[in-house]
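Report on one structure; see the data block that follows.
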Amino acid sequence: MAAKLCFFPVGNGDMTLIQTEDGKNILIDCRIRDGEEHPDVRSQLREKLSRDSEGRLFVNLFIWTHPDSDHCDGVSDHFHLGKPENWSEKSDKIFINEIWSSPIVFRRHHAQNHPLCDDAIALNTEVKRRVNLYKEKGYLDGVGNQVLVLGKDENGKTDNIPYILLELDNTTSYINGESSSVFQARLLGPSPKKDLDELEDKLGKNHSSVIINFELKGDNKTAYFLSGGDAEVVCWEGVKDRLSDKNEMSWLDYDILQTPHHCSWHSISHDSLSQKGDDAKTSEKAMEVFNRAKQNAFIISSSKTIEDDEKDPPAYRAKEEYEKITDDKNGQFLCVSDHKKNGKNVPLEIEISSNGIKKIAASTLGMAESSNTVVNRQGGGGYA
Amino acid sequence: MPDCLKKKIDQLNKILAPYGARKLSNTELSILDEKYICVWELSTDLVFNDDSIVLQIRYKSLTQHDIPEVFVSSPVINVCQLPHIEKNGKLCVWPNTYIIDLSDNSYVLELLSDAYSMLKKGIKGDLRDDFIDEFQNYWIYHCNKIERVISLCDLNIKNTRLVYGYKAKTLGWIYSDGEQKLINWLDNQKLLSSNSDNSNARDKHLRQRQLSRIISIPLIFFENAWYPEQYPRTIRDLFNLINEYHNEPDIVDEFILKSIANIYNRNPTVLIAFPTPSGMNIIGIRISENVGDRHTDRYDTRAIANGRFHINSLLDGHRDYINGRILKNRIGELKAQNILVERNDNSWIMGRDHNPTYKKISEHTVAIIGCGSVGSSISRLLIQSGITNIMLWDEDSMKSENSSRHLLGFDSANKNKASALASKLRLEFPNTNIEYFNEEWSENAESSTRITEADLILSCTADWNTEQQLLSKQSQCNLGVLVFAFVEAHAMAGHVIVNQIDSGAFNAWHYTQGEKIGALRYPATYWKENTKKRIAACAGEFQPYGAIPLANLHSLAARTIIDLILNRFPDSSFAYSYLGRQEELVELGGQWNNCWINKFGNPNKGDRIISLIYENSSWMNNDA
C-alpha cells in the first residue's frame, strides 16, 4: 500500500496531511478559513479522514509547528479542543487523538511580543490541558488526551515528563501509543535555548518552528519529508552547525522538502531583497541544508502562486534558488496554488509506493481542459 | 535566461502543473537527441506492453512561434508499433494546416490532450486503419534500400502485369507500362543517346545498346494494402503474401521467377501496387541478389565482370531446366530490400489522382504557332493543366534581351525558340510528347500539314499574314478551333479570340483591307505617340511591355483552351480581353480608346477581364 502526502491549497500557510501506509492520518498545522475566496480545504480535509468507533472524524496526530495564525487558523472551529468526552456529534468537529507541540517555539514567539491569535491561544490551552492531565495522572489517558512535547523546555520544565518528551535529534515511531514500522520522525528543531543572549535574541527575532524530517514507507519505498514550518535562516544555520558537529548531516537528506515559510527569502538568506536586489546572497550554511536533496527530490512551496514581483513570501528569488537544487537532482519544484482541477485549487498529493515517489496529477490529459478557442482546425483557407 | 523566457516557463509550469508535469533538468535535456530549451514530462494512465506511457512536451526555443513537439519518452515504442509514432517516439499529432493562437499558451493542453486521445485509440486498435490510409508514412521506415525508383505506370489499370524498366545512371530505375512510353520519357530527360536524323553511327549504336538494357519486371496488383507487420522481410514473406492475398498466385510467382531468370535483370525488382482509401500506392521490393550472384565467389572477377557467371550459376545443377520450386526456394531466404517508389505518372503529377478532367485534357493535341513571350508561357501553363501532346512552331532565335518576358532565359540564347522551349519542357515534364518545328508556319512550310494533327491551334504570332494562312488552312482542312492570343502596346490590353471554322470572328476584329489592313477595329488602348522603339538594326524595332501585365494574357489564353477542350463553349466564337490598370496606362502615355468605349463600354479604372461574344457577324459584350 502507498503512503501519501497531501498539501492543501491554503495560500501562504501550511496544512499538510501525511497518510501513512498503516492508515494513520497526521496533520501538520492547519489553516481553514471561511469565505468563498478561499478553496474549501475543510471539505477537502474531511474527505480524506475516517471515523473512529465512536463515529468521530479524527486525525491520529496533529503536529503544530508554531503559533502563527497561518498555521492554526480555524483550529477551534473545526477541531475538537478539550476533554474527549465533550466531543459533540452535532458539531461533528475533527477529533485529535494526539498533539505534538513545542514550548520553546511558543516561548520565543511570545518573547517577541507577537500577538497570539485566538486559535493559537485555544490550541495552546489544549496542549497544556493534555500535558497537565498527564502530569496529574502519570500516564496518557487514551486518545484525545495524548500529547508529545517537542524539545526540552528551559529551566527543567520538561524534566519530569520524559515519557511525553521528544528530545532534539531523537526519533520516534510512536503514534497514539503504538509503534509504527512505516513512520518515523526525527526532531531537528527548534534549537534549544541558547546560553548566549545574542544568539537567543536572533532566534527569537527569526520565525522559529518545529523542524522534523519524517521517514515514510510506502510499499517498500522509503521517502524522507523535511518540514520546517516557518523556520528562518538562523534556525537552519543552527541545524546545520549542530549536525555538522555531530557529523550527522545525512539526517537532513530529503526526498520532499516543504519550503520553509512559504518560499520566503528570509529562510535562505540574511540579505534584504528590497535593499540589495540582485546582489542579495543566500546563506551558505542554510543552503547546505537545502542542498541535501536526494535524486528526483520534490520541493514544494505551500504558498500563493509565485509571481516575478517584489512580494515575499513567496519570493521569486527563493523559488529560483530552490529550482537550482531540483534541477541539479532531476527533481521538481512545485507550488501548491498551481495545482488545479477544472480551474479550482485542489490538494497537491505525493504518493510513495513501489512506483517511486510520484506527484499525483489533479487532472488527466484525456479530460484536459482546453478552451477549444485557440486552435483553428479547419485552416485558414489560403494556399500557396 | 531572458525574462521573457522565464515568464513563459512560469506560465507553462502553471498550465501543466495540474497534469503532473515535471520540467526536465538541464542534465536530462543534455542527453536528448536534439537540442531543446525546455521539456516537460507527464505520466499518463495509458499502458503499452505493460508499461505506463510517459509523454514529453519539448520546446526548441520557447519563442512565440516555437510550437512544441510531443514525444513518448517511455516506454520505447518503435515506428509502426502504433500509428502516428515517428522516430524516437515523436508523435505526429497536428497537421501543419492547423492554425494556433500562439498568444495563448494553453493550446499546449489541447495538443497534449489530442496526443493522449490518439495514443489511447492507437493502443486500443481503433486507429489500425491509419496504417493503410497513411501507408507511405510507415513503409518509409521499413525501406532498407536507398535508391531512386520512378514509376510512370498507370495505376488506374488495376491488374498484375509486366512493365518495362531502365536504369539511368543519374536517376536510377524508371518503370513504365509501355516500352515506347518509357523511351519517350528517357529521351525527354536526355538519358538516351540522340535519335535524330543527324545522329552518327556511334550514337545510333550506343542508343541500340542502351535500349537493349530495357528489361521487364512484374507489377503486382493487390486488392488491399499491407499492415506494418505484413511488410516482407524476406522474399519468402513476399511469396507468402502473394499466396495468401493474390487471386492468381501461380501466375504472379511465374512473373517473378521469369524476371529473376533474365540474365540482364541484374537488380531483380518487383513493383507492388494497391489502393488505399486515400489513393493508389506503389512500392518496390528488390531481391537482394540475382540467383547467379549467390555463387560469385566461385568465379574469377573478370568472368563476373563480363557477365558469364550468370548463366553458369543459374544453371548450376540444372543446366537445361530449373524447376520453379527450386528457384523459389533459392531466393526465398534472401532479404527483401524495400524501396520507396516515386510516382511520376501524369495522373499523379496532374492532381494526385484527383483531377477529374485530366484524362480528357491529356488526350488532346495542341499546336502552338509562335513561341515568343506569349506562346512559350502559355505552352507551359497548358502542360501544367494536363496537355501532354504539343507541337511548336517558330523559326526565330532566342536573344538574351528576350528573357525579361520570355519563359526561356539566357541559357537558351541563340537557340531556336521552338527547339529550346521543347527541350526545356521535355526536361521539366518528361511525360509529354512535344514536337517542334524550326520554321515559321506557313502554307508552304515543310511541316505545314502536320498542323492537321492538332485538335486545337493557338496562334501567338500577332502576324497578320501567318494568321490569315491559318484561317485559310482551318477552312480548307476542316481544322479544329483556332485561338489567337496577342497584346496591345505595353501589354495594357490582351486579347484571346476563339475562331470557330469559317466564323469570320477573328477578321471581324480587324480591318481586312485598305490602309488599315490587319489593324484592330476595336483597340482598347490609344497612344498619342508610336509605342514601338527602334533598335540599331535593319528594320529593328520592338514593342516594350512587361512580364507582369503579360501574365494576364497567358492565363486567359490557357484557360480558354482548357475551356474549349472541356466543351464549355461549344461551337461559339468568343473572346476574352484583359484590360490593364488605367493608372499604369496613363503613366505610360496612353488612354482608353474611344473605339473600344463606343463598342464595349468604358473600362474606367480597368484591371478587369471582359467577356465578348461573336454573334450575327458582330462582336458584342457578353456581360451585357
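Chain letters run A, B, ... following the sequence lines, proteins first and then strands; every chain starts at 1.
Ring orientation note: the planes of B/Y138 and B/F131 are nearly perpendicular, at an angle over 60° on the 30°/60° scale.
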side-chain hydrogen bond (donor to acceptor under 3.5 Å, both in side chains) assessment of A/H261 paired with A/N12: CA-CA 8 Å; A/H261 200 193; A/N12 283 351; over 6 Å; no

Ring pair (Phe, Tyr, Trp, His ring centres under 6.0 Å) evaluation trace for B/W40 with B/Y19: CA-CA 11 Å; B/W40 280 266; B/Y19 301 90; over 10 Å; no

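Atom-to-atom distance recorded for A/N213:CG and A/L226:CG is 5.0 Å, nearest 0.5 angstrom. We find the OG1-CG distance between A/T326 and A/N296 to be 11.0 Å, quoted to the nearest 0.5 Å. One finds the CD1 atom of A/I357 at 7.0 Å from the NZ atom of A/K294 (value rounded to the nearest 0.5 Å).
For the options B/R22, B/E28, B/K23, heavy-atom pairs under 4.5 Å to chain A are most numerous at B/R22. In terms of heavy-atom pairs under 4.5 angstrom with chain B, the leader among A/N330, A/D338, A/N376 is A/N330.
Looking only at atom types and distance, the side chain of B/S103 has no donor-acceptor partner in the side chain of B/Q64 under 3.5 Å away.
In this structure, A/Y316 has its ring center at least 6.0 angstrom away from the ring center of A/Y322.
Tested against B/K6, the residues A/E307, A/E320, A/E323 include a single salt bridge (charged side-chain N to carboxylate O under 4.0 Å, His left out) partner, A/E320.
Within 6.0 Å of the CD atom in A/E37, the count of heavy atoms belonging to other residues, nucleotides or ligands exceeds 12.
There is no contact between B/L46 and chain A, counting heavy-atom distances below 4.5 Å. A/T305 touches chain B through its side chain: at least one heavy atom from C-beta onward sits under 4.5 Å away, while N, CA, C and O do not. Residue contact with chain A, scored on non-hydrogen atoms closer than 4.5 Å, is absent for B/I15. Neither the backbone nor the side chain of A/K358 comes within contact range of chain B; no heavy atoms are under 4.5 Å apart. Heavy-atom distances place the backbone of A/I306, and not its side chain, under 4.5 Å from chain B. In this structure, chain A has no heavy atom under 4.5 Å from any part of B/S117. Contact annotation for B/A21: only backbone heavy atoms (N, CA, C, O) come within less than 4.5 Å of a heavy atom of chain A.
Residues of residues 87-100 of chain B having a heavy atom under 4.5 Å from any heavy atom of chain A, listed by number: B/W94, B/T97, B/Y98, B/I99, B/I100.
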